[in-house]
Amino acid sequence: MENCLFCKIIAGEIPSKKVYEDENVYAFHDINPNAPIHVLVIPKVHIASIQEVTEENLSAVSAVLKVIPRIAKELGLAENGYRVITNCGEDGGQSVKHLHFHILGGKKLPVTLA
Ligand code: AMP
Ligand code: ZN
């Protein structure tokens, strides 16, 4: 997808601090962390948001969900827990229009979500 920041990161055109990669999934540290550990996990195929999940791209999305617990464990978050967030659209505060799941942890996070 042209002009998509995260597609460019997957392609290596924009540098990132890689945490995990396989044929379907890429994960990297958020450039502006909101917690001691803040990682973004994305499908390699361009899906604009969770609102665009379909039967056809569900396998790419499930590949992302499948590795989130593994990545969290690698990051040392499994024992104390962590939060997974995906923002969607204008009201959801989505700034990059490529589906991504935030993994946040490394401290006790505030209870409020909105
Ligand atoms: P969202 O607001 O849910 O769309 O999340 C987008 C996230 O991408 C934000 O937390 C940004 O800090 C992060 N971000 C933006 N540009 C980059 C980048 N070049 N490398 C890593 N993370 C980025
Ligand atoms: Zn993209």
Side-chain angles (χ1 to χ4, degrees):
M1 184 74 170
E2 258 177 72
N3 286 326
C4 170
L5 177 66
F6 288 174
C7 283
K8 286 181 180 166
I9 283 179
I10 292 162
E13 291 165 19
I14 291 175
S16 64
K17 283 168 67 184
K18 179 164 90 173
V19 169
Y20 174 88
E21 181 172 18
D22 66 31
E23 60 172 335
N24 300 306
V25 181
Y26 191 77
F28 54 105
H29 288 281
D30 197 292
I31 205 167
N32 183 22
N34 284 106
I37 295 173
H38 187 171
V39 164
L40 302 173
V41 192
I42 64 179
K44 285 191 173 174
V45 291
H46 181 87
I47 302 169
S49 76
I50 200 163
Q51 199 57 35
E52 306 302 322
V53 174
T54 64
E55 203 69 53
E56 286 67 41
N57 63 29
L58 191 57
S59 64
V61 180
S62 55
V64 171
L65 294 180
K66 186 176 167 185
V67 298
I68 285 175
R70 277 179 53 191
I71 294 170
K73 193 158 193 281
E74 288 283 313
L75 293 167
L77 299 176
E79 193 175 332
N80 282 355
Y82 54 95
R83 183 169 293 159
V84 178
I85 292 175
T86 187
N87 295 324
C88 180
E90 188 64 26
D91 281 1
Q94 183 183 7
S95 61
V96 179
K97 308 296 188 254
H98 181 126
L99 176 65
H100 51 283
F101 293 86
H102 300 253
I103 299 178
L104 296 149
K107 70 169 187 181
K108 188 146 181 67
L109 298 166
V111 174
T112 47
L113 276 179

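All ligand and atom numbering here is 1-based and tracks the order in the structure. Just the heavy atoms: all of them, side chains too, but no hydrogens, waters or symmetry mates, feed the values below.
- Summarising the local packing, CD of Gln51 is surrounded by 12 or fewer heavy atoms from other residues, nucleotides or ligands at distances under 6.0 Å.
- Shown in contact with Phe28 at under 4.0 Å from a heavy atom are these atoms of ligand 1, numbered in order with element: 21 (C), 22 (N).
- The closest approach between Lys17 and ligand 1 stays at or above 4.0 Å for every heavy atom of the residue.
- Heavy-atom contacts of Phe6 reach the following atoms of ligand 1: 8 (O) (cutoff under 4.0 Å).
- Between Lys8 and Asn3 there is a side-chain heavy-atom pair separated by less than 4.5 Å.
- Counting heavy atoms of neighbouring residues, nucleotides and ligands inside a 6.0 Å radius, atom CD of Glu79 does not exceed 12 of them.
- With hydrogens and angles ignored, the 3.5 Å screen pairs a side-chain donor or acceptor of Gln94 with a backbone N or O of Ala48.
- In this structure a side-chain-to-backbone donor-acceptor pair under 3.5 Å is present from Lys44 to Asp22.
- Environment of CD in Glu52: crowded, with over 12 heavy atoms of neighbouring residues, nucleotides or ligands closer than 6.0 Å.
- Closest protein heavy atom to atom 2 (O) of ligand 1: Ser95 OG, 3.0 Å.
- Residue contacts with ligand 1 for His100 involve side-chain atoms from C-beta outward but no N, CA, C or O (heavy atoms, distance under 4.0 Å).
- Annotation: Asn87 places an N or O atom under 3.5 Å from an N or O atom of ligand 1; distance criterion only.
- At under 3.5 Å, a nitrogen or oxygen of Val96, whether backbone or side chain, sits near a nitrogen or oxygen of ligand 1.
- Between His100 and His98, a ring centre-to-centre spacing not shorter than 6.0 Å is recorded.
- Under 4.0 Å from ligand 1, the heavy atoms of Leu5 that appear belong solely to its side chain.
- Neither the backbone nor the side chain of Phe101 comes within 4.0 Å of ligand 1, counting heavy atoms alone.
- Here the heavy atom of the protein found nearest to atom 12 (O) of ligand 1 is Asp30 OD1, 2.5 Å.
- For His46, the N, O or S atom with the smallest separation from the Zn ion (ligand 2) is ND1.
- Ligand-side atoms of ligand 1 in range of His29: 21 (C), range being under 4.0 angstrom from any heavy atom.
- The Zn ion (ligand 2) lies at the vertex of an angle of 120° between the SG atom of Cys4 and the SG atom of Cys7 (rounded to 10°).
- Under a 4.0 Å heavy-atom criterion, Ser16 is not in contact with ligand 1.
- When each of Val39, Leu40, Ile103, Val41 is tested with Val19 by the rule side chain to side chain contact (heavy atoms under 4.5 Å, CB included), just one qualifies, namely Val39.
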Determine, stepwise, if the pair Leu99 / Ile42 fulfils side chain to side chain contact (heavy atoms under 4.5 Å, CB included).
-> CA-CA 6 Å; Leu99 176 65; Ile42 64 179; over 6 Å; no
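- Not a single donor-acceptor pair under 3.5 Å links the side chain of Arg83 to the backbone N or O of His102.
- In terms of distance to the Zn ion (ligand 2), the nearest N, O or S atom of His98 is named ND1.
- Checked by atom type and distance alone, the side chain of Asn24 never pairs as donor or acceptor with a backbone atom of Ser59 at under 3.5 Å.
- Taking any N or O of Gln94, backbone or side chain, none lies under 3.5 Å from an N or O belonging to ligand 1.
- Proximity to Asn32 (heavy-atom distance under 4.0 Å) selects the following atoms of ligand 1: 12 (O).
- With Asn34, Ile9, Ile31 as candidates, the residue nearest to atom 22 (N) of ligand 1 on a non-hydrogen basis is Ile31.
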